[in-house]
Engineer: 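Structure below; questions to follow.
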Amino acid sequence: MNTNPARGMRDFLPDDVRRRQYVMSVIADVYQRYGFEPLETPAVENIETLMGKYGEEGDRLIFRILKRGEEGKTGEADLALRYDLTVPLARVVAEYRERLPKFFKRYQVQPVWRADRPQKGRFREFYQCDVDAIGSTSLVVEAELLGAAAEVLERLGFSAFTIRLNHRKALGGLLEAAGVAVAKHGEALITLDKLDKVGPDGVTAELASRALLAEADAANLVQLFATGGAATNDDVLRRLRTDMKGHEAGLRGVSELEDIVRLSDASRARGRIRLDPSLARGLSYYTGSIFEIAVPDLTGSLGGGGRYDELVGMFLGSQVAACGISLGLERILVVMNARGMFPPVVGATAAQVMVTIWNADTVADAIRLAGELRTAGLRVDVYPDTDKIGKQVKYADSRGIRFVTIVGTDETTRGEVAVKNLSTGEQQLMPRADVATFIRKHG
RNA sequence: GUGAGUGUAGCUCAGUGGUAGAGCUCCGGAUUGUGGUUCCGGCUGUCGCGGGUUCGAUCCCCGUCACUCACCCCA
């Protein structure tokens with residue numbers, strides 16, 4: 001019997017869970033400080049809720065749940081595992097619009113599923129840590145979201161991350177100005193997004209081979225997108241304005257970018273923002289700003305997001321502005337594990353003290369002593385078997401438990417408890433009532 | 001969905017055409033009230049699965065599955 005978890009899924013042993021919980025607690029804490037409220041939604045959504053929201057490739061990667069019974073044979077699906085947390089949020093907003101505040105700010109940390117092929121930092125089940133603000137088109141939203149995400153990463157110990165920023169309207173303007181048919185924009189964006197991977201010539205060739213543009217035009221377009229790493233945000237803005245050739249919507253996008261940079265300078269994201277005309281992002285629901293968080297030592301991104309002012313409208317009929325950012329828990333953990341970025345307390349042990357059992361007659365008293373120490377606020381383990389004391393102590397040591405208590409016949413007659421500190425080897429007798437205080441003081 | 005690599009004890013890995021080893025872990029013990037060092041002893045494997053070549057395959061060939069990496073796409 002094969003006992004591996006299903007492909008792309010993982011078990012989390014206690015050490016893993018402690019690390020994950022540490023990261024999630026920092027994320028939740030920071031998000032709450034920014035006024036975001038928690039939300040949870042079901043793992044399973046009706047399939048039509050999800051279909052058509054993520055683009056062609058996204059639809060393909062949705063985990064479908066076959067209908068039960070006869071229909072199972074047809075391969076027909078009516079339910080699916082959620083693919084991200086953004087679309088479920090849009091559904092929730094559409095469903096509860098009247099009950100939710102005018103500006104609904106929520107964070108959500110839950111698993112999502114993608115029928116992808118696993119590789120480094122990429123799994124079929126993974127946690128997203130989303131923050132989104134619903135109900136405002138103000139760019140204050142962008143600045144706050146970027147500030148919150150930057151603060152999370154800083155608190156976790158990341159120093160060398162950058163936030164790539166771009167705008168769908170600016171992208172659209174550039175493409176139109178260059179002569180790409182509107183219907184082909186999505187395809188062109190995905191191709192241009194590969195600029196940092198395949199280089200200008202590669203992208204030019206792909207644009208031409210996909211018949212999106214003639215080769216000469218393609219080369220020109222690529223030229224526009226290839227900013228060169230040294231370009232400052234101001235340089236990029238200037239160039240965008242020129243290349244837009246008066247395209248109205250595109251120019252509006254550029255102004256928004258300018259404002260986002262300016263406002264973000266007043267947030268924790270200050271100095272992190274790098275305007276990048278080649279950033280496209282595959283999800284089809286983005287309508288305005290788009291961003292992606294990058295660190296040098298990971299090929300993929302740590303997180304991404306953007307503005308999606310039309311997604312809620314797909315459920316509700318009327319438009320509701322929305323913008324959000326998502327951090328990938330696993331991506332963060334991959335980097336933090338590789339760099340050993342966890343504070344020592346995260347590696348800490350389950351119990352602070354282990355109560356040994358002297359013999360069969362004192363089992364109940366051991367339980368009683370453990371109870372007293374727990375009442376005093378300690379994390380306490382009780383050795384379950386009446387093994388030799390040496391074996392019990394050895395076990396405590398192997399588990400990294402700092403203290404053991406021993407109550408043998410001598411101690412019992414004196415009404416005391418022997419407390420041994422396994423990291424120093426010191427042992428001393430003390431009244432039962434003093435044990436908890438002693439351990440707390442020396443632990 | 002495409003391509004490449006790997007698949008041997010719980011873990012990390014070695015190995016040979018004649019049905020397998022090391023280190024670590026684990027378990028037991030070293031004058032029965034005390035761990036970390038040391039010493040002694042011990043356990044475990046259908047050598048991923050199925051088929052083929054061969055007198056014989058863990059080792060060669062084919063298939064298959066799993067994992068890893070890359071592409072696609074993405075957190």
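Numbered from 1 within each chain, the chains take letters A, B, ... in sequence-line order. Model, not experiment: these values are computed from the prediction.
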Engineer: Does A/R164 make a cation-pi contact with A/F291, if we ask for NZ or CZ under 6.0 Å from the ring centre and within 45° of the axis?
Structural biologist: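 Relative to the ring axis of A/F291, which defines the angle, A/R164 lies outside at least one limit.
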
Engineer: With a 3.5 Å distance limit and no angle check, can you tell me whether A/S267 reaches the backbone of A/L263 through a side-chain donor-acceptor pair?
Structural biologist: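 Such a contact is absent between A/S267 side chain and A/L263 backbone.
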
Engineer: Within the stacking criterion (centroid distance below 5.5 Å, interplanar angle below 30°), does A/W358 stack on B/rG33?
Structural biologist: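 Whether judged by distance or by angle, A/W358 falls short somewhere, so it does not stack on the base of B/rG33.
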
Engineer: Which atoms form the tightest heavy-atom contact between A/T386 and A/N359, and what is the distance?
Structural biologist: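 Heavy atoms of A/T386 and A/N359 come nearest at CG2-C, 3.8 Å.
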
Engineer: With a non-hydrogen cut-off below 4.0 angstrom, is A/S423 in contact with a base, only sugar-phosphate, or nothing?
Structural biologist: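 Base contact.
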
Engineer: Give one of base, sugar-phosphate or nothing for A/D410, where a contact means two heavy atoms less than 4.0 Å apart.
Structural biologist: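 Base: the residue A/D410, judged by heavy atoms under 4.0 Å, touches a nucleobase.
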
Engineer: Using a 4.0 Å heavy-atom cut-off across all strands, classify A/L302 as base, sugar-phosphate, or nothing.
Structural biologist: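 The answer is sugar-phosphate, as A/L302 gets under 4.0 Å only of primed atoms, P, OP1 or OP2.
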
Engineer: Between atom NZ in A/K394 and atom P in B/rG36, what is the gap in whole Å?
Structural biologist: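 So the two atoms are 5 Å apart, to the nearest Å.
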
Engineer: Dot-bracket, RNA chain B: Watson-Crick or G-U, under 3.5 angstrom, [ ] crossing, | other strand?
Structural biologist: (((((((..((((.......)))).(((((.......))))).....(((((.......))))))))))))....

Engineer: What nucleic acid atoms does A/K420 come within less than 4.0 Å of, heavy atoms only: base, sugar-phosphate, or nothing?
Structural biologist: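 Base, at least one base heavy atom under 4.0 Å.
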
Engineer: Shortest non-hydrogen contact from A/E45 to A/P88?
Structural biologist: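 Nearest pair, atom of A/E45 first, then A/P88: OE2-CB, 3.4 Å.
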
Engineer: If a pair satisfies salt bridge (Lys or Arg N to Asp or Glu O under 4.0 Å) and one of its residues is in residues 35-44 of chain A, list it, with sequence neighbours excluded.
Structural biologist: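 Qualifying pairs, neighbours excluded: none.
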
Engineer: Rounded to the Å, how far apart are A/E57 CD and B/rC72 C1'?
Structural biologist: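 Spelled out: CD on A/E57 to C1' on B/rC72 is 6 Å.
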
Engineer: Does the pair A/E330/A/R122 count as a salt bridge with the N-to-O cut at 4.0 Å?
Structural biologist: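 Looking at A/E330 and A/R122, the cut-off is not met.
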
Engineer: Going by modelled atom types, is there a donor-acceptor pair between the base of B/rU34 and the side chain of A/Q392 at under 3.5 Å?
Structural biologist: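 No pair found.
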
Engineer: Would A/R20 and A/F12 count as a cation-pi pair here, with the cationic atom under 6.0 angstrom from the ring centre and within 45° of the axis?
Structural biologist: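 So A/R20 does make the cation-pi contact.
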
Engineer: Describe the nucleic acid contact of A/F123 in one word from base, sugar-phosphate, nothing, applying a heavy-atom distance below 4.0 Å.
Structural biologist: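 A/F123: base contact, heavy atoms under 4.0 Å.
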
Engineer: Heavy atoms only, 4.0 Å cut-off, all strands: where does A/S398 land among base, sugar-phosphate and nothing?
Structural biologist: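 Here A/S398 touches no strand at all.
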
Engineer: Which pair of non-hydrogen atoms, one from A/R82 and one from A/T41, has the smallest distance, and what is that distance?
Structural biologist: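 A/R82 and A/T41 have their closest heavy atoms at NH1-O, 2.7 Å.
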
Engineer: In whole angstrom, give me the gap between the P atoms of B/rG48 and B/rC13.
Structural biologist: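 15 Å, rounded to whole Å.
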
Engineer: What residue among A/R307, A/H167, A/K169 forms side-chain hydrogen bond (donor to acceptor under 3.5 Å, both in side chains) with A/E256?
Structural biologist: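 Answer to the side-chain hydrogen bond (donor to acceptor under 3.5 Å, both in side chains) test with A/E256 among A/R307, A/H167, A/K169: A/H167.
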
Engineer: Categorize A/G425 for me: base, sugar-phosphate, or nothing, with a 4.0 angstrom heavy-atom threshold over every strand shown.
Structural biologist: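 Base contact - A/G425 has a heavy atom under 4.0 Å of at least one base atom.
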
Engineer: Using only side-chain N and O atoms of A/K120, determine if any of them is under 4.0 Å from OP1 or OP2 of B/rC74.
Structural biologist: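 So the side-chain polar atoms of A/K120 never come under 4.0 Å of the phosphate oxygens OP1 or OP2 of B/rC74.
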
Engineer: Within the 4.0 Å heavy-atom criterion, would you say A/E411 contacts the bases, only the backbone, or no part of the nucleic acid?
Structural biologist: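 Base contact - A/E411 has a heavy atom under 4.0 Å of at least one base atom.
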
Engineer: Can you check whether any acceptor in the base of B/rC74 is under 3.5 Å from a donor in the side chain of A/R331, or vice versa?
Structural biologist: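 Pair found.
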
Engineer: Check whether the side chains of A/D84 and A/Y285 place a donor and an acceptor atom closer than 3.5 Å, and report yes or no.
Structural biologist: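 A donor-acceptor contact under 3.5 Å links the two side chains.
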
Engineer: Could you run down the sub-3.5 Å N/O contacts of the protein with nucleotides 2-6 of chain B?
Structural biologist:
unit_1	atom_1	unit_2	atom_2	d
B/rU2	O4	A/R117	NH1	2.6

